[in-house]
Amino acid sequence: MLKTNHSLMQDRQFRRYFAFLLTFCLLLFFFILLSAHGLTASVKTMLLSREEAIASSLLDQGVPDTVIAAALTETDAAHSREASDLLSKIGVRPALEAQFLPGLRYFQRSARSVLLAVILPFCFLLPGVSLFFLHKREKIYLQATDVIDRYAAGDYSCRLSQANEGAVYQMLSAVDRLATMLQAQKETERNARIFLKNTISDISHQLKTPLAALSMYQEIMENEPDQPDVIRSFAAKTGLALRRMEQLIGSMLKITRLDAGSVVFEKKRCTLSALVSHAVSELTTRAVRENKSLLLEGSGDASLLCDPVWTSEAIGNIVKNALDHTAPQGTIRITWDSSPLTARIQITDDGEGIAPEDIYHIFKRFYRSSASSDAPGVGLGLPLARSIVEGQGGTVSVSSTPHAGTTFTILFG
């Protein structure tokens with residue numbers, strides 16, 4: 001209950017209304033005191049006039065001062081009954097009533113006028129100010145209802161008033177926070193739909209070429225059934241196209257899962273040497289075949305807390321990209337080190353490098369520069385590597401000099 005009162009007193013309108021009620025009560029109290037004082041003074045004046053008239057009459061009849069003083073100041077009520085009978089017998093009571101009746105009526109009218117003059121304005125003022133206060137509150141509620149209806153219709157361009165403190169504005173603030181959450185959720189859902197649409201469009205676009213090639217290869221093999229060499233040649237091409245499709249679909253599914261947040265990384269402590277060795281294990285044969293060198297250098301004690309399967313794939317994708325853009329006799333150097341706070345892996349090649357206009361786009365999906373149009377791949381290896389590393393709280397950066405080589409740095413903090 002104390003908390004509620006504190007919240008009410010934080011409301012500026014309620015504080016003003018409360019101050020008005022307090023001022024109203026104080027003014028009414030003072031007006032009543034002043035009215036009572038005035039009425040008392042009138043009665044006192046009337047009684048003193050009567051006493052003066054009695055004393056003057058007694059003095060005129062030669063009554064001693066001491067007797068008059070004793071009579072006027074006597075408060076003993078032992079003989080009040082006899083005195084009352086005497087006043088009635090000599091006809092004083094009717095005379096008093098006849099003498100005081102006009103004054104009493106004037107006193108009554110004056111008292112009624114004063115009370116009406118004091119009380120009546122307050123009787124109108126209190127309901128008037130109360131109605132004004134309630135009108136202001138109703139205006140706030142109607143404005144809030146209008147904004148909430150807009151929220152329900154999906155229009156978040158307006159915001160509820162939070163200019164003051166108090167329970168009402170705390171409620172409006174809570175509703176506004178809820179609307180912000182709903183807006184964010186709606187925006188997330190919209191982005192998810194756009195992402196799904198773009199993903200389907202990307203997959204469809206990337207599958208169009210290998211599917212067309214497969215259709216052509218199948219048609220050629222059907223038309224040349226008696227040409228074993230032709231069939232073997234296009235069967236090999238069919239295999240390449242299928243592997244390319246498999247790679248494309250697999251990469252797209254992985255990126256989609258990472259972007260959707262459905263991948264749970266199972267982190268554990270592993271040495272960087274073992275992690276890198278596993279990442280390049282399937283690429284050493286290709287390097288030998290293409291007459292390229294893979295050099296691994298780093299501390300055997302360096303370690304990293306990560307998901308070894310996903311992190312190995314990220315490293316392997318970057319090394320594979322380096323192989324794609326390094327000429328025969330080239331070298332890809334993989335180094336690593338760690339400290340109590342960070343772990344770093346660098347993949348450096350002495351290949352063709354990346355043009356300045358391309359370096360800011362290499363992590364975009366399906367991006368392929370004009371200089372690498374002849375290189376294998378579909379443009380998903382680097383985006384997938386970055387999604388894996390960033391999903392575990394790391395970063396991937398790149399620096400390159402055209403015709404002098406490229407360095408990718410994976411940093412985990």
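Below, each value reflects all heavy atoms present in this structure, side chains not excepted, and no hydrogens, waters or symmetry copies. Small disclaimer: the values here were computed from a predicted structure and weren't measured.
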Within a radius of less than 6.0 Å around CD of Glu357, do more than 12 heavy atoms belonging to other residues, nucleotides or ligands occur? yes

Find the distance between CG (Asp307) and SG (Cys270) and round it off to the nearest 0.5 Å. 9.0 Å

Show, in sequence, the C-alpha distance, side-chain angles and deciding distance for Ser397 and Leu411, and conclude whether the side-chain contact (heavy atoms from CB on, under 4.5 Å) test is met. CA-CA 8 Å; Ser397 59; Leu411 185 65; over 6 Å; no

Is there a donor-acceptor contact under 3.5 Å from the side chain of Ser387 to the main chain of Pro383? yes

Taking CG in Asp149 as the centre, count heavy atoms belonging to other residues, nucleotides or ligands within less than 6.0 Å. Is the count above 12? yes

For the side-chain contact (heavy atoms from CB on, under 4.5 Å) test, which of Val319, Leu323, Ile347, Ile332 pairs with Val280? Val319

Test side-chain contact (heavy atoms from CB on, under 4.5 Å) applied to Val398 and Ile359, step by step: CA-CA 8 Å; Val398 58; Ile359 198 167; 3.9 Å; yes

Please determine whether the number of non-hydrogen atoms from other residues, nucleotides or ligands lying under 6.0 Å from atom CD of Glu187 exceeds 12. yes

Taking 4.0 angstrom as the limit, do Arg286 and Asp324 come out as a salt bridge? yes

Does Ile410 reach the side chain of Ile318, with side-chain heavy atoms less than 4.5 Å apart? yes

Step by step, would you call Leu142 with Asp146 a side-chain contact (heavy atoms from CB on, under 4.5 Å)? CA-CA 6 Å; Leu142 291 177; Asp146 179 64; over 6 Å; no

For the OG1 atom of Thr406 and the CD1 atom of Ile354, what is their distance to the nearest 0.5 Å? 4.0 Å

Distance in Å, Thr311 OG1 paired with Ile345 CD1, rounded so as to fall on 0.5 Å steps: 7.5 Å

Quick one: pull up CD1 in Ile334 and CG in Leu283 and give me the separation to the nearest 0.5 Å. 8.5 Å

I'd like to know if the side chain of Asp350 and the backbone of Gly330 have a donor-acceptor N/O pair within less than 3.5 Å. no

Test side-chain contact (heavy atoms from CB on, under 4.5 Å) on Trp336 and Ser273; report intermediate values, then the result. CA-CA 8 Å; Trp336 62 86; Ser273 58; 3.6 Å; yes

I need the minimum non-hydrogen distance between Pro308 and Lys268, along with the two atoms involved. CG-CE, 3.5 Å

With rounding to the nearest 0.5 Å, note down the distance linking CZ in Arg344 to OG1 in Thr395. 11.0 Å

Inter-residue atom distance Leu258.CG - Gln392.CD, 0.5 Å rounding: 9.5 Å

Is it true that, when you exclude Glu246 itself, more than 12 heavy atoms of the residues, nucleotides or ligands shown sit nearer than 6.0 Å to its CD? no

What do you reckon, is CD of Glu290 surrounded by more than 12 foreign heavy atoms closer than 6.0 Å? yes

Using only atom types and a distance under 3.5 Å, with no angle test, would you say the side chain of Lys292 pairs donor to acceptor with the backbone of Thr326? yes

